[in-house]
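Keep in mind that the numbers below use all heavy atoms, side chains included, and drop hydrogens, waters and symmetry copies. Order of listing sets the numbers, starting from 1, for every ligand and every atom in it. Along the sequence shown, residues are numbered consecutively beginning with 1.
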Amino acid sequence: MRIDVLTLFPEMFESPLSHSILKRAREAGIVDIALTNIRDFATDSYRKVDDKPYGGGPGMVMMCAPVFAAFEHVAALHPAPPRTILLTPQGRPFTQSLARDLSTAERLLLIAGRYEGFDERIRIGLNAEQISIGDYVLSGGELPALIVIDAVVRLLPGALGDADSTAEESFSEGLLEYPHYTRPETFRGMKVPEILLSGDHGKVARWRRQQRLERTRTYRPDLLPPDKP
Ligand code: 9D3
């Protein structure tokens, strides 16, 4: 997969893209991620990328010209037509299901905004989808873009090493995980549940299933099917 990111803050991406699973996936050639600074495509000598909103109101708006120029530049760097995504608070909620859908694309082009938002003609002219990562106010689209990249890349074939298990996640979807324990058996008086030390794999499996249901009912009842009347 090829992923292009258009942003005013490419440096914000460097560390997260250079560690652990994302680092390995890039080094293995599973994903090719390229960062482009929208400011490099500003069309005036002040390198201006934002302007006042028509109709008045607070804040500034991302201008069309630099974003279109950056888009046209990166679009031509690779043969596949990109699935173009604006990170915006009014976007479609990002879910594991949307991550799975995006992971089937040959090419993604993510656009992270700052200020109050994008000139509407950017969405229309670039035929872009919009994604939000949740109902809270952030300072821009950079962290959301990184979250989309992380969730998508780990789904690409070969992206997870043997140590990073995903097999269970796929069939156990819709329930929270069971509690995990590792050595020592007792830590500050807190003991590992006896069943996990029993060596009885059937009992362990039933206990974990039960724990998952209980934890889901306690912490995330919204994930369970509605009660029968
Ligand atoms: C006057 C209203 N504005 C500030 C409260 C709206 C607004 C504009 C731009 C709020 C946040 C932002 C910057 N956020 C993003 O670019 C963003 C975002 C987010 O804030 N929450 C969840 N997902 C996303 S994706 C992009």
Handout entry: Proximity of Tyr178 and His180 rings by center, below 6.0 Å
Key = yes

Sub-3.5 Å pairs, protein N or O with ligand 1 N or O:
unit_1	atom_1	unit_2	atom_2	d
ligand 1	3 (N)	Glu116	OE1	2.9
ligand 1	16 (O)	Gly141	N	3.4
ligand 1	20 (O)	Leu138	N	2.9
ligand 1	21 (N)	Tyr136	O	2.8
ligand 1	23 (N)	Ser132	OG	3.4
ligand 1	23 (N)	Ile133	N	3.1

Problem - Glu129: which of Arg92, Arg123, Arg83 passes side chain to side chain donor-acceptor pair (under 3.5 Å) - result: Arg83

Completion exercise
Only one of Arg2, Arg107, His78, Arg26 passes side chain to side chain donor-acceptor pair (under 3.5 Å) with Asp32, and that residue is Arg2

Practice task
Please check if atom CD in Glu194 has more than 12 non-hydrogen atoms from other residues, nucleotides or ligands closer than 6.0 Å.
Solution key: no

Problem - Sidechain N-carboxylate O distance under 4.0 Å for Glu177, Arg215 - result: no

Handout entry: Within 6.0 Å of CZ in Arg100, more than 12 heavy atoms from elsewhere
Key = yes

